[in-house]
Amino acid sequence: MRTIQLLQGTMKIALILLALLSIPAYAWNNIDHEFAGLNTDMRHMWSGGAWQENKQEGFYRFLVAGGGYEHYKSKLYVQWVAHGSDMESPKVLRTIEIKELNDNPLYAFNLPECIGSWECNSIEIVATHTYELTKHKSVIKFTGIGKYEFVQTAL
């Protein structure tokens with residue numbers, strides 16, 4: 001009788017341990033599923049700054065995608081994200097690509113740098129031309145949701 005009770009106690013402990021060990025694997029699989037749709041070319045992402053237009057306000061999200069084998073090239077996307085609240089998540093209002101950099105991708109660059117104020121209404125990108133290896137500086141000023149002005153100069 002004592003042996004049966006001891007065996008039942010051991011089996012209960014084994015089942016509890018098995019259940020506890022399977023929780024991290026289950027959680028990891030949920031993370032895999034949640035992020036499975038991310039573009040694998042997305043190399044960098046940064047959120048920050050602040051924008052306000054009419055009664056809306058939020059922050060920017062900068063996304064840099066890249067790829068290439070012999071000649072690495074980058075593309076820049078900007079999102080206007082409205083602030084969330086305790087009851088709702090932030091919401092992407094608009095996503096644009098910077099056509100001057102993306103239409104004929106010839107440059108390699110990392111995340112842009114905010115210039116001017118903390119609001120990050122203007123950014124600067126220092127990029128290397130993939131074939132000529134010359135450096136170029138681009139300044140992008142955001143003028144409204146989904147709108148920008150682009151200035152590029154060779155360094």
Side-chain angles (χ1 to χ4, degrees), residues 16-155:
I16 291 170
L17 285 174
L18 183 62
L20 289 174
L21 290 174
S22 66
I23 289 172
Y26 175 74
W28 181 255
N29 287 338
N30 281 344
I31 291 171
D32 284 343
H33 179 71
E34 184 175 340
F35 291 100
L38 282 178
N39 182 338
T40 56
D41 285 340
M42 207 54 64
R43 301 292 190 240
H44 306 285
M45 193 262 321
W46 180 79
S47 298
W51 59 265
Q52 186 174 13
E53 186 171 305
N54 299 325
K55 293 183 179 183
Q56 296 179 313
E57 60 181 39
F59 57 93
Y60 299 102
R61 181 162 47 198
F62 302 100
L63 303 147
V64 177
Y69 182 67
E70 289 184 26
H71 299 283
Y72 186 85
K73 300 168 188 137
S74 303
K75 292 184 176 186
L76 177 63
Y77 302 89
V78 181
Q79 294 182 318
W80 280 256
V81 182
H83 288 300
S85 67
D86 290 342
M87 301 303 286
E88 67 181 48
S89 298
K91 180 181 177 185
V92 175
L93 297 180
R94 185 81 192 269
T95 301
I96 63 165
E97 62 177 324
I98 304 300
K99 291 187 173 293
E100 293 81 352
L101 296 172
N102 295 7
D103 279 353
N104 188 14
L106 296 173
Y107 300 96
F109 52 84
N110 289 317
L111 283 168
E113 183 177 317
C114 292
I115 55 175
S117 70
W118 66 271
E119 294 164 322
C120 203
N121 292 322
S122 294
I123 58 172
E124 179 179 272
I125 295 175
V126 177
T128 303
H129 192 284
T130 303
Y131 300 101
E132 299 168 1
L133 301 180
T134 53
K135 296 269 187 192
H136 297 262
K137 180 170 67 173
S138 301
V139 175
I140 302 165
K141 180 179 180 183
F142 302 111
T143 58
I145 295 175
K147 300 175 187 170
Y148 68 93
E149 295 172 2
F150 183 89
V151 177
Q152 183 176 35
T153 58
L155 293 178

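Here the structure is a predicted model, which means the values were calculated and not measured. One is the number of the first residue; the rest follow in order along the sequence.
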Checking Glu124 side chain against Glu113 main chain: does a donor-acceptor pair fall under 3.5 Å? no
Any heavy-atom pair between the side chains of Glu149 and Thr143 that's under 4.5 Å? yes
What pair of heavy atoms forms the shortest contact from Arg43 to Gly67, and how long is it? NH2-CA, 4.4 Å
Roughly how far apart are Ser47 OG and Phe59 CZ, rounded to 0.5 Å? 5.0 Å
Of all the heavy-atom pairs spanning Tyr72 and Ala108, show the shortest one and how long it is. O-CB, 3.6 Å
Closest non-hydrogen atoms of Lys75 and Asn102, given as atom of the first, atom of the second and distance, are CA-OD1, 3.2 Å
Hey, are the side chains of Tyr107 and Leu101 touching, using non-hydrogen atoms and a 4.5 Å cut-off? yes
Step by step, would you call Thr134 with His136 a side chain to side chain donor-acceptor pair (under 3.5 Å)? CA-CA 7 Å; Thr134 53; His136 297 262; 2.9 Å; yes
Counting only N and O atoms by type, is there a donor-acceptor contact under 3.5 Å from the side chain of Thr130 to the main-chain atoms of Leu106? yes
Taking all heavy atoms of Glu97 and all of Tyr148, pick out the closest pair and write down the distance. O-OH, 3.9 Å
Can the ring centres of Phe142 and Trp80 be said to be less than 6.0 Å apart? yes
I want to check something: taking the side chain as every heavy atom from C-beta on, are His83 and Glu57 in contact at a cut-off of under 4.5 Å? yes
Step by step, would you call Met45 with Arg61 a side chain to side chain contact (heavy atoms under 4.5 Å, CB included)? CA-CA 7 Å; Met45 193 262 321; Arg61 181 162 47 198; 3.1 Å; yes
Would you check if Ser122 and Ile140 make a side-chain contact, meaning some heavy-atom pair closer than 4.5 Å? no
I need the minimum non-hydrogen distance between Phe62 and Leu111, along with the two atoms involved. O-CD2, 3.9 Å
With side chains defined as the heavy atoms from C-beta onward, is the minimum distance between Tyr60 and Val78 less than 4.5 Å? yes
Looking at side-chain heavy atoms only, is the closest gap between Ile125 and Leu76 below 4.5 Å? yes
Checking side chain to side chain contact (heavy atoms under 4.5 Å, CB included) for the pair His44/Asn110: CA distance, chi angles, key distance, verdict? CA-CA 7 Å; His44 306 285; Asn110 289 317; 3.1 Å; yes
Taking C-beta and beyond as the side chain, do Ile98 and Phe150 meet within less than 4.5 Å on heavy atoms? yes
Does any part of the side chain of Gln152, heavy atoms only, come nearer than 4.5 Å to the side chain of Glu100, both counted from C-beta? no
Rounded to the nearest 0.5 Å, how far apart are CG of Leu133 and NE2 of His71? 9.0 Å
CD1-CD distance between Ile145 and Gln52, expressed to the nearest 0.5 angstrom: 10.5 Å
Please round to the nearest 0.5 Å and tell me the distance separating atom CG of Asn104 and atom NZ of Lys99. 13.0 Å
Any donor-acceptor N/O pair, Ser85 side chain to Met87 backbone, under 3.5 Å: yes
Nearest heavy-atom contact between Cys120 and Trp46 is SG-CZ3, 4.1 Å
